[in-house]
Amino acid sequence: MNLVDILFYIFAIVTLVSAGITVYSRNIIYSAFSLLFTFCGVAGIYVLLNADFIAVAQILIYVGGILMLLVFGVMLTHKVINVEIKTGILNIIPGSMITAIVGGTLCGIFMSTDWLIIEGVPPIKSTTNEIGTMFMTKYLLPFEIASVVLLVALIGAAYIARRDKTSKQSV
Amino acid sequence: MTDIFETSIKTSTGKALRREEMVINMGPQHPSTHGVLRLEVVADGEIVIDVIPHIGYLHRCFEKHAENMTGYQQVVPYVDRMDYCAAMNMDFGYVLAVEKLLGIQVPERVEYIRVIMAELQRVASHLIAAGTYGLDIGAFTPFLYMFRERERILDLFEMTCGARLLYNYMWVGGVSHDLPPGFIDKAKDFCQYFKPKIKEYNDLLSYNEIFIKRTANVGVLPGDVAIAYGCSGPVLRGSGVDFDLRRDDPYSVYHKFDWKPEIGKGEMGAVGDCWDRYIVRIREMIQSINIVEQALNQIPEGDVATAIPKRIRPNAGDVYVRTESARGELGFYVISDGTAKPFRIKARSPSFVNLSVIPEISRGGMIADLVAIAGSLDIVLGEVDR
Amino acid sequence: MEQLLRNIFDNNIFVFTVTAILPLIWIVPYALVAIWLERKISAHMQDRLGPMRTGGWHGWSQTIADMLKLLQKEDIVPAAADKILFNLAPYIIFIAAYAAYAAIPFSSAYIGADINVGIFYIIAVTSLAVVGILMGGWASNNKWSLFGAMRAAAQIVSYEIPSVLAVLAVVMIAGTLSLQEINNLQTGWFWNWYVFQKFPFIFVAFIIYFIAALAEVNRVPFDIPEAESELVAGYVTEYSGMKFAMFMFAEFVNMFAVSAIAATLFFGGWNSPFGDFLGGPIWGVFWFLSKGMVLVSIQMWLRWTLPRLRVDQLMYVSWKVLTPFAFACVIAVGLWMML
Amino acid sequence: MRKYFIDIYKSVWSVLIGMKITFGHLFVPAVTIQYPDVKPKLPERARNRLYVNMDDCIGCLQCEMACPVNCIEIATVKSLPTDDLGTTSTGQKKKLWVTKFDIDIAKCCFCGLCVYPCPTECIKMTEVYEFSEYDRNNFLYNFVTLTKEEIENVKAKAAEYEKEQAAKKAAAAAQAKPATAPTQQPPPTAQQS
């Protein structure tokens, strides 16, 4: 049990516990905020996997972007005047069935995979350059498609949020 | 209130999105209400849909108090406390009313002293108004520069009557003290010292682009609406209405001076926006300093106490006198029943009337605009609630 | 530095702990001094003197006294607040502010973690603060706090874009995300600093970064989340005592963090402006801290000069002024490099 | 488009002007004073704490009448013809024992209206402006110089004298029965003579 192992378990526990809170908490705000710790825990595991760029991107995009959006959404769709925002328990039977199917599949894959185990930790080196090169060469098409999709989403969002020009402006 | 409700945000299919309004209380303990005013704001996010001012947190029964005084003179300290930022102007209006009731002619020197004091007080009051307005917009430093100059005015008042805020200086038939020796020189020094400071305020605040962006085209009060609501003072003049009681209904010795009222011209946006109301105050300070300088040069010698009556017992009757205080038309309606006590005193306070336009001009703006509008009206809660 | 510590202590965990704590040795006295400095600068700009009594010379220990006072204050949690999140928020904000220091190169010898994606990492962790602000604003159960939190979140998210683009212009020249390497590339006289390269594009990028940084740390003219004349104190309205101090502390820590990043990216970090004159790791700390402090002082200077913007104008500045200009800078720098 | 650039130029320029002004003020000496160490010199007309010189007070109640907030309370007792209360510094003969002269300084509004009517100039506003207290009761200032026993004594004497006078008057009235209609003598109160 060396330092890296300890860190791994810490990150794993943080991820799992906060993910559990996200799922089981009746308070939506708690669910949203505990996602913060889930994302950070996952980022920590990425760091342990020598994927520094991915780890940082995980924090920037998921915490700075997606989590913010979630929290905003939760706050704005409810009466924010009150702290009490609760969820009910719905669709127990279909939910547990789907959970069982997905969980079983994952477990099956996990058991049947032939895990590659390497001896010793490979030397740390930056992945940023390689990711950049890959994006611009081998994965150029997916990269561009993703950016076009994002652009479309952006324009769509701007279109929806736009004030209706036909109605009289009041401000 | 009609416009804003009709223009709800619509989706591309024309279906109106459901909106939830939030009722939020600005005040009574809030830094930008300049006292204890409560603005009940109906807001849609940051957009103000309606504002309902609730007043009365500073109500001290001034008018009822006045009926229970031992005499007319005892009301003056209470009048001081109506508009504590411009106590001299308050005194001025009240003593003019009682003098008219008594039919006293005060010596000319007293008139000059009163005008000097009232105009210096107007400068001091506008300094507070402009300074706290900067504070409302977020600029802290001009506020302290303006208070620095105000302190010098208060020094002048203190050497004249002994108090810095609530003077009880103007008495029925005269003033409590004659000008102290050296006052005229000091006041002239102050006028010379003050004039270049206006440029500093303008550079630092008035013509700062952020300040202009925050105030221009915000809270536009058109002239006819201002008249309809009965606004007066800088609020009315900011809307481009050329009306100043000192010129249009002259009292005391104002007709002897060469000056002109400042009106808003809509330089940065529409006529009657917050910036106009603000700049009118800044320019009025220059005019007031002008009047003070002229008065200091013309002031005659004489005794100030000759017309002070020993006992004030006016004949039964009533009188309404209006003066231009720092905030607008200050009217005193005094009824006498022939005894030494006033039977009824009614004050028409400019802040109270000016406050009533807040809902009209802040609908559709943002909460930050509401702060800017409330600051530009320059209300003093002591006067609103009385 | 790390090697040195490793030789001394011969224990990895201990070495990491010491390396992690080192910036605190700077931050705590810095925050105390900066709060005092803010008061003094504001006072002198306003023809006042500011604190003069506590501690002797110009009231130097006023902030220490204030800290002691705040420590003794009752820890009030509003009855209607959400207690868990209310208590958690100040710590998250402080963690976000402090985590940035891990990748800031204080000197050629000392950097908390010389990671390859240094500047990217700093941008990412500082965005954590938004979560803390939203948490605090929402948990206070006060409409003004919530307004403040919403404004803060919208503002910080928007201003990240121009600031990242401005940083990108530098990163394009340097060709690396590691702050230590960016510093190494700027050694020599001060004309080697990036701010004077590719004139005027990087200079404009610096201005954009600085303005965006002001907005990200909620300083005037972008202090609308705390706007005391509008929102009382924004998301810190309900906080008192030590938790309030944490917010305050985090604000000043953030101020230095963004100044340090600006110093590193544009002003040569720990490099001496005069070639080898007063160079070396020890003087490096001095140069780095003084560059940072100058930028912090400019932030204070601006704060006591300007009024604040309105929410929509703030968004206007971000999206319609800074972002296009930052894009133009990035493109111009790219074209220049291609030529 | 042109307006866009002009706006940016104006903003930057006005910010720079503002920064120049505030920077200039960094080196201007402060206009404030270090208050408890340095105290401002008050002008001679300064109106602050009230002080009553009881040696000069003749108990005329003018100040009590003039006060708009009723913060002055005075009670007087008539002196006997045999008593000699001395004269004031202005040479007026004192005729009344002032048994109570309280000023509730917490109520005082510092208008100075009590100062002007005083015939002997014994009540005046001083330059003392630092008089905060921990207990509100300490704001009730007693200016009476007589001790409790003296007050009791004076009151008793006055009452006795009243009785004597009343008796005398009754006797006189009995003697002069057929004279004019019995006029009711106004009751002797602590009013101004």
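Values below: all heavy atoms of this structure, side chains included; hydrogens, waters and symmetry mates excluded. Numbered from 1 within each chain, the chains take letters A, B, ... in sequence-line order.
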Please determine, among R148(B), H177(B), E200(B), the option with the most heavy-atom pairs under 4.5 Å with chain D. H177(B)
If you tally heavy-atom pairs under 4.5 Å against chain B, which of L42(D), T32(D), D7(D) wins? D7(D)
Would you check, one step at a time, whether the test side chain to side chain contact (heavy atoms under 4.5 Å, CB included) holds for I72(D) with F101(D)? CA-CA 7 Å; I72(D) 305 176; F101(D) 200 121; 3.9 Å; yes
Closer than 4.0 angstrom, basic N to acidic O: yes or no for K107(D) and E73(D)? no
Largest heavy-atom contact set with chain D, pairs under 4.5 Å, which of G71(B), A163(B), S176(B), C161(B): C161(B)
Side chain from CB out, backbone as N, CA, C, O: work out which of these in Q73(B) comes under 4.5 Å of a heavy atom of chain D, or both, or neither. both
Check each atom of R81(B) against the heavy atoms of chain D and say whether the ones under 4.5 Å are side chain, backbone, both or neither. side chain
By a 4.5 Å heavy-atom criterion (distance strictly below it), what part of V12(D) contacts chain B: side chain, backbone, both, or neither? neither
Are a donor atom and an acceptor atom from the side chains of Q121(B) and Y169(B) found within less than 3.5 Å of each other? no
Cut-off 3.5 Å, side chains only: do Q165(D) and Y161(D) have a donor facing an acceptor? yes
Contact leader toward chain D among T141(B), T160(B), I210(B), where contacts are heavy-atom pairs under 4.5 Å: T160(B)
Measuring heavy-atom distances to chain B, does N70(D) have an atom under 4.5 Å in its side chain, in its backbone, in both, or in neither? neither
Please determine whether a side-chain nitrogen of the Lys or Arg among E149(B) and R152(B) lies less than 4.0 Å from a carboxylate oxygen of the Asp or Glu. no
So with a 6.0 Å cut-off around CE of M65(D), is the heavy-atom count from everything else above 12? no
Atom group of L166(B) that falls short of 4.5 Å from chain D, counting heavy atoms: backbone
Do you know which of G18(D), C111(D), P117(D) has the most heavy-atom pairs under 4.5 Å to chain B? C111(D)
Relative to chain D, which segment of F211(B) carries a heavy atom at a distance below 4.5 Å: side chain, backbone, both, or neither? neither
When every non-hydrogen atom of M90(B) is compared with those of F332(B), the smallest separation belongs to O-CE1, 3.7 Å
Please determine if R344(B) and E63(B) form a salt bridge, counting it only when a charged side-chain N lies under 4.0 Å from a carboxylate O. yes
Can you tell which part of P142(B) gets under 4.5 Å to a heavy atom of chain D, answering side chain, backbone, both or neither? neither
